[in-house]
Amino acid sequence: FFFFKQKTAYEIAQRLVGSEMCIRDRVSTQSTWDNIRREMQEEGKMLEVEKTAGSKKEKEQERLKQYKKACKVVKSSIKISARQVKKAVVALKQQSKVKKETQKNLLAEEDDFIYITITLSSVPTKFSPRPIQLPLRHPIYGPEFSTHACLIVTDPQRAVKNLVQDVDIPCLAKIIGYEKLMKNFREYKDKRSLLYEFDLFFCDKKVYKMMPKVTGSFFYRKKKIPFPVEISGDGADIQQTISKALKSTYMILGNGPHYTFKVARCSMKENDSVNNIVKTIYKAVPYLLTDSLKPSIVQNISVKTQNSLDLPIYNFIPKSEIEAYLKLSKKERKSTKEQQHLQ
């Protein structure tokens with residue numbers, strides 16, 4: 001059977017024969033290859049994006065698995081006495097009360113926080129300036145503490161402000177765009193005033209990597225690094241994100257053996273402070289052990305206020321030191337104790 005294409009009125013008018021029609025209808029070979037190449041490139045890009053997203057997801061799952069494993073090791077190896085923690089909290093509250101009563105400088109910066117200090121026997125192999133979020137059962141930020149938070153967003157900032165204008169987000173005092181931050185806070189004095197104006201800083205994940213350029217080293221020295229949050233969806237979603245961030249404390253994995261972060265307030269109830277301290281220790285320490293999983297590197301854990309001495313609540317003494325002490329004679333032990341007492 002032979003099938004012939006029926007000519008259109010245009011083709012009849014132009015007196016086109018079959019070969020001419022074929023030439024007319026033929027698609028350019030070059031344009032065809034260009035289209036194929038373009039489609040392959042786009043498909044390749046999509047595959048790369050999917051592969052990157054997949055690898056990130058796999059890394060995140062592996063990191064979470066390692067963290068859960070470290071949590072089990074810490075809970076079985078490090079025992080924190082709630083009774084000892086309560087004694088330390090009571091002592092810190094008493095000292096803070098006496099200091100407020102005798103303080104003459106009314107302009108001095110108030111710091112009601114209780115800090116945890118974790119000391120390691122070795123320097124960690126991995127460190128990052130990005131803060132780690134540690135949820136608290138009893139928040140240390142909120143309207144009752146007159147907390148003021150600042151949110152740094154992508155431009156235009158008006159778009160985010162319009163989303164949250166009908167939503168009540170407690171403690172969120174200011175929303176500022178990245179370009180405005182660059183323009184209005186270039187000088188050191190401007191950055192310093194911004195730092196002391198707010199208690200907490202959050203930023204959109206999209207601009208987090210650009211924060212060091214804007215905030216400078218002053219924010220990092222004062223440990224007020226903006227914490228990256230997901231700013232997406234409507235006003236209710238943003239409200240939920242900020243509320244969750246306000247119910248947490250933040251620890252920075254530096255490159256040294258000491259880690260200090262806020263965990264409670266002297267104005268809080270004693271049991272609430274104790275609960276925060278104990279629970280947060282078991283959440284924070286695993287981040288320091290994700291590589292070695294050796295809890296023996298945690299040498300000391302203590303609590304303190306801004307101007308107090310460190311009150312130890314956990315100490316680890318290596319077996320080598322115990323054996324060396326037992327080998328000492330009675331006189332040597334006595335002299336060692338006297339030297340420690342004098343120190």
Side-chain angles (χ1 to χ4, degrees), residues 53 56-57 60 64 110-113 129-185 190-215 219-220 222-252 261-265 267-269 272-273 275-276 279-280 283:
K56 284 183 179 179
K57 190 175 181 180
E60 188 63 31
L64 182 60
E110 291 188 17
D111 190 341
D112 187 40
F113 291 104
R130 177 171 178 163
I132 292 175
Q133 189 177 35
L134 302 171
L136 295 173
R137 186 170 183 179
H138 306 283
I140 57 176
Y141 301 108
E144 64 272 24
F145 301 116
S146 302
T147 302
H148 291 80
C150 176
L151 175 62
I152 303 166
V153 298
T154 55
D155 296 296
Q157 65 180 29
R158 175 50 55 187
V160 180
K161 287 183 176 180
N162 290 339
L163 287 173
V164 301
Q165 63 181 357
D166 298 327
V167 180
D168 180 26
I169 303 180
C171 306
L172 185 59
K174 190 178 184 66
I175 297 175
I176 184 170
Y178 178 78
E179 288 186 5
K180 188 175 181 181
L181 188 67
M182 285 278 289
K183 182 180 178 182
N184 297 349
F185 298 92
D190 299 325
K191 292 178 181 179
R192 190 174 184 276
S193 63
L194 178 68
L195 177 81
Y196 288 115
E197 186 179 354
F198 301 99
D199 303 294
L200 282 171
F201 290 89
F202 305 111
C203 70
D204 193 337
K205 284 184 177 179
K206 300 179 186 71
V207 298
Y208 172 70
K209 290 186 178 180
M210 298 183 281
M211 284 297 100
K213 182 180 179 182
V214 184
T215 56
F219 275 69
Y220 288 77
K222 292 293 182 179
K223 295 184 179 179
K224 279 193 176 182
I225 306 169
F227 180 75
V229 292
E230 185 71 40
I231 302 298
S232 60
D234 55 11
D237 295 327
I238 298 173
Q239 180 189 36
Q240 187 177 2
T241 300
I242 300 300
S243 298
K244 182 182 177 182
L246 288 168
K247 293 177 182 178
S248 304
T249 189
Y250 300 92
M251 177 180 72
I252 299 173
F261 53 93
K262 300 169 183 175
V263 71
R265 287 180 180 264
S267 56
M268 292 172 62
K269 295 179 181 179
D272 293 347
S273 298
N275 187 280
N276 272 9
K279 297 288 184 183
T280 309
K283 292 176 184 176

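Numbers for residues simply follow the sequence, beginning at 1. Quick caveat: nothing in here was measured; it's all calculated off a predicted structure.
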- [ ] Can you measure from CD (Gln157) to CD1 (Ile175) and round to the nearest 0.5 angstrom?
- [x] 8.5 Å
Open item on the list: Minimum heavy-atom separation for Phe202 and Ala149, please, with both atom names.
Closed with: CE1-CB, 4.0 Å
Open item on the list: Closer than 3.5 angstrom, by distance alone: can the side chain of Gln239 be matched with the main-chain N or O of Val164 as a donor-acceptor pair?
Closed with: no
Task: Val214 and Phe185: CA distance, side-chain angles, deciding distance, side chain to side chain contact (heavy atoms under 4.5 Å, CB included) verdict - done: CA-CA 8 Å; Val214 184; Phe185 298 92; 5.9 Å; no
TODO: Show the numbers, then the answer: is there a side chain to side chain contact (heavy atoms under 4.5 Å, CB included) between Leu194 and Phe219?
DONE: CA-CA 10 Å; Leu194 178 68; Phe219 275 69; 4.1 Å; yes
TODO: Over all heavy atoms of both residues, which pair between Lys262 and Tyr141 is shortest? Give the atoms and the distance, please.
DONE: CD-OH, 3.6 Å
TODO: Give, for atom CZ of Phe145 and atom SG of Cys171, the distance between the pair rounded to the nearest 0.5 Å.
DONE: 10.0 Å
Task: Nearest-0.5 Å distance that lies between atom NZ in Lys244 and atom CD in Glu230 - done: 11.5 Å
Open item on the list: Between Asp234 (side chain only) and Asp237 (backbone N and O only), is there a donor and an acceptor less than 3.5 Å apart?
Closed with: yes
Task: Check: Pro135 main-chain N/O paired with Lys283 side-chain donor or acceptor under 3.5 Å - done: yes
TODO: Would you name the heavy atoms of Ala173 and Phe198 that are closest together and state the gap between them?
DONE: CB-CE2, 3.8 Å
Task: Inter-residue atom distance Leu246.CG - Thr147.OG1, 0.5 Å rounding - done: 7.0 Å
Task: Minimum heavy-atom distance between Cys203 and Val207, given as atom pair plus value - done: CB-CG2, 4.3 Å
- [ ] Let me see the working for Tyr196 and Lys222 under side chain to side chain contact (heavy atoms under 4.5 Å, CB included), right down to the final yes or no.
- [x] CA-CA 10 Å; Tyr196 288 115; Lys222 292 293 182 179; 3.5 Å; yes
Open item on the list: Let me confirm one number: the OH-CE distance from Tyr178 to Met210, rounded to the nearest 0.5 Å.
Closed with: 5.0 Å
- [ ] Decide yes or no for Leu151 and Val229: does some side-chain heavy atom of the first lie under 4.5 Å from some side-chain heavy atom of the second?
- [x] yes
TODO: Look at the aromatic rings of Tyr250 and Phe227 and report parallel, tilted or perpendicular, splitting at 30° and 60°.
DONE: tilted
Open item on the list: For Arg137, is there any backbone N or O sitting under 3.5 Å from a side-chain donor or acceptor partner on Lys279?
Closed with: no
Open item on the list: Assess the residue pair Ile176 and Asn184 against the criterion (side chain to side chain contact (heavy atoms under 4.5 Å, CB included)); give the C-alpha distance rounded to whole Å, side-chain angles, the decisive distance to 0.1 Å, and a yes or no.
Closed with: CA-CA 10 Å; Ile176 184 170; Asn184 297 349; 5.7 Å; no
- [ ] Measure the shortest side-chain to side-chain distance between Leu134 and Phe261 over non-hydrogen atoms and say whether it is less than 4.5 angstrom.
- [x] yes
Task: Minimal non-hydrogen separation, Met182 against Lys213, with atom names - done: CE-CE, 4.1 Å
- [ ] Determine yes or no for a side-chain-to-main-chain donor-acceptor pair under 3.5 angstrom, with Asp155 supplying the side chain and Gly177 the backbone.
- [x] no
- [ ] Evaluate the side-chain proximity of Tyr208 to Arg130: yes if any heavy-atom separation is below 4.5 Å, no if none is.
- [x] yes
Open item on the list: So Thr280 and Met251, do their side chains get closer than 4.5 Å, heavy atoms only?
Closed with: no
Open item on the list: Which heavy atom of Ile252 sits nearest to which heavy atom of Pro131, and what is that distance?
Closed with: CG1-CA, 4.3 Å
Open item on the list: A quick test of your reading: do over 12 heavy atoms of other residues, nucleotides or ligands sit less than 6.0 Å from NZ of Lys247?
Closed with: no
Task: Point-to-point distance, once rounded to the nearest 0.5 Å, from NZ of Lys206 to OG1 of Thr154 - done: 5.5 Å
TODO: May I ask you to decide if Leu136's main-chain N or O and His138's side chain share a donor-acceptor pair within less than 3.5 Å?
DONE: no
Task: Side chain to side chain, Met268 and Ile140, heavy atoms closer than 4.5 Å - done: yes
